[in-house]
Peer 1: 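I'd like to ask some things about the structure below.
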Amino acid sequence: MAQKAFGWAARDTSGILSPFHFSRRENGEKDVTFKVLYCGICHTDLHMVKNDWGISAYPVVPGHEIVGVVTEVGSKVEKFKRGDKVGVGCLVGSCRSCEDCSNDLENYCPKMVLTYGGAKYFDGTTTHGGYSDFMVADEHFLVRVPNGIALDAAAPLLCAGITVYSPLKYYGLDKPGAHVGIVGLGGLGHVAVKFAKAMGAKVTVISTSPNKKDEAIQRFGADSFLVSSDQAQIKAATSTMDGIIDTVSAFHPLLPLIGLLKSHGKLVMVGAPDKALELPILPLIFGRKAVVGSCVGGMKETQEMIDFAAKHNITPDIEVVPMNYVNTALQRLSKGDVRYRFVIDIGNTLNSTM
Ligand code: NAP
Ligand code: ZN
Ligand code: ZN
């Protein structure tokens, strides 16, 4: 028996969201149902509601930075009980048996099921995200939100947090002595600065927005700040960085970023523009440099990330908004007008009678 659910959905490429009644699967024996309290607005939500990547199937109920409180657990659930504070990020399923799944890299499983956007769960139902009253997910794809971290500020860690934490670790940029560049000081970028600093790295922000300099340095702890249009500043930093995390959501040139890397340095692409970027080859060859990608993180690492955030007092800077503000929030996000992540107060403001 499916359960009646309520949320906000985009119906077409206009990307405008409106109230939407739908159904979720029954809580199975390994499933956990939780009441959604907060959901972050990731730039991916904007890409998906507008079908920027050509993979959206409407209606789309976005949201993959979801936190809430458990209301029901299946008979074979081992890790969670009613009342627990939990989170769901970008994935809600994987095959659990391939090489990646066996190595706690469910996020790279060929059968990985996205939290929303038209993905089909294994039972054939379409997944829907956290701009909604409750979620049902296999317990394997839930993380525990540690005590001591506010639930609203915890939400963006489920995507923005893990997306930057994972490559900082995997590419060895998590050490004192490493010099890390963070391109784009948005939702992902500002969390990346906080994590990289907590890991002991030296951090330089590369931004199109000179007015973010003071916050980057004084508030987030960056060591320096480069304005990407200032060629003199960029030139002065040539060959100084061990790695760069690029979080930019739109088309931009890679050549200046590759120039900032030392020999053998890595440019890690996590931002996902809808158009292909130009990849200059010679500077890669001469410096044995690499341009690589990274997609969120596995479930074990996501738990590790949120525990690390709680231990080091790392929380995203958020603007909490009511559900009926979502279209304005998405429009503001498209213009870069947010410091630095919108979080929807679903628990108090999603009203199914509207
Ligand atoms: P966001 O809050 O909008 O931040 C993106 C930042 O990029 C902006 O704040 C801006 O920073 C910079 N930027 C925007 N347009 C630009 C342009 N035309 N040229 C240069 N810089 C520009 O977005 P977000 O939520 O952090 O997400 C960023 C991207 O990551 C999106 O494409 C999203 O889909 C993707 N994403 C990927 C993963 C993954 O697993 N790989 C996970 C989550 C999100 P400045 O003002 O500092 O320049
Ligand atoms: Zn996201
Ligand atoms: Zn798998």
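All ligand and atom numbering here is 1-based and tracks the order in the structure. Note: hydrogens, waters and symmetry copies are ignored here, and every other heavy atom, side chains too, is used. For clarity, every value in this text was computed on a predicted model and none was experimentally measured.
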Peer 1: Mind checking whether F308 and Y165 have ring centres under 6.0 Å apart?
Peer 2: yes
Peer 1: Out of P273, G187, P167, indicate the one that has the non-hydrogen atom closest to atom 2 (O) of ligand 1.
Peer 2: G187
Peer 1: Is S294 in polar range of ligand 1, meaning some N or O pair under 3.5 Å apart?
Peer 2: yes
Peer 1: Can you list the ligand 1 atoms lying under 4.0 Å from a non-hydrogen atom of G184?
Peer 2: 7 (O), 11 (O), 12 (C), 47 (O)
Peer 1: Tell me whether K79 is salt-bridged to E139, with the criterion being a basic N under 4.0 Å from an acidic carboxylate O.
Peer 2: no
Peer 1: Would you say the ring centers of Y116 and H128 fall short of 6.0 Å from each other?
Peer 2: no
Peer 1: Under the 3.5 angstrom rule, does the side chain of D242 hit a backbone N or O of H179 as a donor-acceptor pair?
Peer 2: yes
Peer 1: Strictly below 4.0 Å, N to O, side chains only: are R82 and E72 in salt-bridge contact?
Peer 2: no
Peer 1: Can you check whether E29's main-chain N or O pairs, donor with acceptor, with S75's side chain at less than 3.5 Å?
Peer 2: no
Peer 1: Please report which non-hydrogen protein atom sits nearest to atom 29 (C) of ligand 1, along with the residue it belongs to and the distance in Å to one decimal place.
Peer 2: T247 O, 3.3 Å
Peer 1: Roughly, to 10 degrees, what angle do C98 atom SG and C95 atom SG form around the Zn ion (ligand 3)?
Peer 2: 110°
Peer 1: Under 4.0 Å between a side-chain nitrogen and a carboxylate oxygen: does that hold for D223 and K197?
Peer 2: yes
Peer 1: How far is atom 48 (O) of ligand 1 from the closest protein heavy atom, and which atom is that?
Peer 2: T208 OG1, 2.6 Å
Peer 1: Evaluating non-hydrogen atoms only, which member of S334, P253, S207 is closest to atom 47 (O) of ligand 1?
Peer 2: S207
Peer 1: Atoms of ligand 1 less than 4.0 Å from S209 heavy atoms?
Peer 2: 45 (P), 46 (O)
Peer 1: Can you pull out the closest protein heavy atom to atom 26 (O) of ligand 1? Residue, atom name and distance to 0.1 Å, please.
Peer 2: L188 N, 2.8 Å
Peer 1: Salt bridge check: are D84 and R144 linked by an N-O gap of less than 4.0 Å?
Peer 2: yes
Peer 1: Between A272 and ligand 1, does any nitrogen or oxygen pair lie at a separation below 3.5 Å?
Peer 2: yes
Peer 1: Can you name the atoms of ligand 1, numbered from 1 with element, that are less than 4.0 Å from a heavy atom of R341?
Peer 2: 24 (P), 25 (O)
Peer 1: Tell me, which protein residue and heavy-atom name are nearest atom 11 (O) of ligand 1, and how many Å apart are they?
Peer 2: L185 N, 3.2 Å
Peer 1: Which is closest to atom 40 (O) of ligand 1 in terms of heavy atoms, V248, V296, D246?
Peer 2: V296
Peer 1: With only distance considered, is W53 within less than 3.5 Å of ligand 1 through an N or O on each side?
Peer 2: no
Peer 1: More than 12 heavy atoms of other residues, nucleotides or ligands under 6.0 Å from NZ of K262: is that the case?
Peer 2: yes
Peer 1: Decide whether an N or O pair under 3.5 Å exists between T44 and ligand 1.
Peer 2: yes
Peer 1: Within a radius below 2.8 Å of the Zn ion (ligand 2), how many protein N, O or S atoms are present?
Peer 2: 3
Peer 1: Identify the protein heavy atom lying closest to atom 18 (N) of ligand 1, giving its residue, its atom name and the separation to 0.1 Å.
Peer 2: A250 CB, 3.4 Å
Peer 1: Is R341 paired with E65 through a side-chain N to carboxylate O contact shorter than 4.0 Å?
Peer 2: yes
Peer 1: Salt bridge or not between E304 and K169? Use side-chain N to carboxylate O under 4.0 Å.
Peer 2: yes
Peer 1: Which residue and non-hydrogen atom of the protein lie closest to atom 32 (O) of ligand 1, and at what distance in Å?
Peer 2: H47 NE2, 2.8 Å
Peer 1: Report yes or no: does S228 contribute a side-chain atom to a donor-acceptor pair with the main-chain N or O of I206 at less than 3.5 Å?
Peer 2: no
Peer 1: Donor-acceptor pair, distance only, cut-off 3.5 Å: does the side chain of T349 make one with the backbone of M323?
Peer 2: yes
Peer 1: Does a side-chain N-to-carboxylate-O contact under 4.0 Å join R25 and D31?
Peer 2: yes
Peer 1: Would you say C42 has any N or O atom under 3.5 Å from an N or O of ligand 1, going by distance alone?
Peer 2: no
Peer 1: Which protein heavy atom lies closest to atom 23 (O) of ligand 1, and at what distance to 0.1 Å?
Peer 2: H43 CB, 3.1 Å
Peer 1: Give the contacting part of C159 toward ligand 1: side chain, backbone, both or neither, where contact means a heavy-atom distance below 4.0 Å.
Peer 2: side chain
Peer 1: More than 12 non-hydrogen atoms from neighbouring residues, nucleotides or ligands closer than 6.0 Å to NZ on K85, yes or no?
Peer 2: yes
Peer 1: Treating R24 as the side-chain partner and F134 as the backbone partner, does any N or O pair qualify as donor plus acceptor under 3.5 Å?
Peer 2: yes
Peer 1: Examine the proximity of ligand 1 to T163 and report which part, side chain or backbone, both or neither, has a heavy atom under 4.0 Å away.
Peer 2: side chain
Peer 1: In plain terms, say whether D45 and K50 are close enough for a salt bridge, that is, a side-chain N and a carboxylate O under 4.0 Å apart.
Peer 2: no
Peer 1: Identify all side-chain donor-acceptor contacts of residues 273-298 below 3.5 Å with residues at least two apart in sequence or on another chain.
Peer 2:
unit_1 : atom_1 : unit_2 : atom_2 : d
R288   : NE     : H264   : ND1    : 3.4
K289   : NZ     : I258   : O      : 2.8
K289   : NZ     : L261   : O      : 2.9

Peer 1: Polar contacts were defined as any N/O atom of the residue lying under 3.5 Å from an N/O atom of the ligand; does this apply to V270 and ligand 1?
Peer 2: yes
Peer 1: Give me the residue, atom name and distance of the protein heavy atom closest to atom 30 (O) of ligand 1.
Peer 2: G271 CA, 3.3 Å
Peer 1: Indicate yes or no: does an N/O atom of L333 lie under 3.5 Å from an N/O atom of ligand 1?
Peer 2: no
Peer 1: Just to be sure I'm reading this right: ignoring hydrogens, which of K212, K213, H64, R332 gets closest to atom 10 (C) of ligand 1? Compare them by their nearest heavy atoms.
Peer 2: K212
